[in-house]
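In what follows, a single structure is set out as structure tokens and then discussed.
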Amino acid sequence: MSETAKLPTTGSTPVIPLASAPGEGQTWDRPKWVVYAWGAVELLLVHNPWQISSRLRVATLRAFGAEIESGVIMRPRTRVRFPWKLHIGKDSWIGEGVWFHNQDHIYVGHDVVISQETFLTTGSHAHRRDMALITNPIRIEHGAWVTSRCVVLGGAVIGQSALVQPMTVVRGEVPANAIVGGPKAAFLGNRFESKSE
């Protein structure tokens with residue numbers, strides 16, 4: 001028997017029974033066959049590590065309902081949970097290994113850069129109640145740059161032309177033109193200096 005199986009499940013600290021947690025499939029918004037078909041197509045044409053055409057990735061995502069404008073560059077190993085909940089403005093760049101875990105909508109403006117290995121997740125759980133799924137959209141405004149290996153949580157709004165430094169965890173709102181960094185997305189300065197009058 002494993003050590004985990006020996007842990008007590010009763011006493012003064014409650015344990016939420018995960019077998020009865022609500023939420024299975026509640027964010028799909030499409031029939032099962034579409035979700036399963038997307039999983040296979042994503043593996044072959046979007047998440048594929050080969051240097052296949054960015055245009056093919058974008059066309060595949062559009063075919064499954066993503067709203068992606070012209071000029072978007074999408075690198076290999078991109079993952080998209082539900083393409084019908086992804087919206088990307090023109091001329092944006094999506095780096096290698098970016099994961100859109102979008103159980104809710106993700107809105108990306110135009111001329112946005114999301115760099116390598118960044119993880120964007122719109123879902124969480126009611127951790128004190130019943131572990132029910134909770135979702136909130138993510139919005140990244142025009143011209144923002146989310147650098148490599150960041151985590152962007154549901155409900156986050158990254159302002160226009162903001163810069164998020166590597167390994168930052170973003171929750172809540174990042175002001176326009178701000179540079180933020182670290183586990184609490186601390187304000188570090190302005191990306192562009194204001195022009196004096």
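No experiment lies behind these values; they were computed from the predicted model shown. Numbers for residues simply follow the sequence, beginning at 1.
Test T27, T135, T121 against D104 for side-chain hydrogen bond (donor to acceptor under 3.5 Å, both in side chains) and you get one pass: T135.
Between the side chain of S115 and the main chain of T147, no donor-acceptor pair closer than 3.5 Å is present. Looking only at distances, a side-chain donor or acceptor of S54 sits under 3.5 Å from a matching main-chain atom of M74. Between the side chain of T60 and the main chain of L56, a donor-acceptor pair closer than 3.5 Å is present. Side-chain atoms of K90 never come within 3.5 Å of backbone atoms of D111 as a donor-acceptor pair (strictly under, hydrogens ignored). A donor-acceptor pair under 3.5 Å is formed between the side chain of E42 and the backbone N or O of V80. A donor-acceptor pair is defined here as one N or O able to donate and one able to accept, closer than 3.5 Å; such a pair exists between the side chain of N102 and the backbone of R81. Remark: the backbone N or O of E67 is not paired with any side-chain donor or acceptor of H87 at under 3.5 angstrom. Using modelled atom types, one side-chain atom of N48 and one backbone atom of W50 make a donor-acceptor pair closer than 3.5 Å. A donor-acceptor pair under 3.5 Å links the side-chain atoms of H47 to the main chain of R77, judged by distance alone. Judged by distance alone, with hydrogens and angles left aside, the side-chain atoms of T168 form a donor-acceptor pair with the main-chain N or O of G182 at under 3.5 Å.
The environment of CE in M167 is sparse: at most 12 heavy-atom neighbours from other residues, nucleotides or ligands sit within 6.0 Å. Within a 6.0 Å radius of CZ in R62, more than 12 heavy atoms belonging to other residues, nucleotides or ligands are found. The number of heavy atoms from other shown groups lying within 6.0 Å of CH2 (W84) is above 12. Within a 6.0 Å radius of CZ in R75, other residues, nucleotides and ligands contribute 12 heavy atoms or fewer.
Aromatic ring pairs are classed by plane angle as parallel below 30°, tilted from 30° to 60° and perpendicular above 60°; the pair F119 and W99 is tilted.
Here the CE-CG distance, from M131 to L18, works out to 6.0 Å after rounding to the nearest 0.5 Å.
Residues V113 and V146 form no side-chain contact, since every pair of their non-hydrogen atoms from C-beta on lies 4.5 Å or further apart. Contact of the V46 side chain with the V41 side chain is not registered, since no non-hydrogen atoms from C-beta on lie closer than 4.5 Å.
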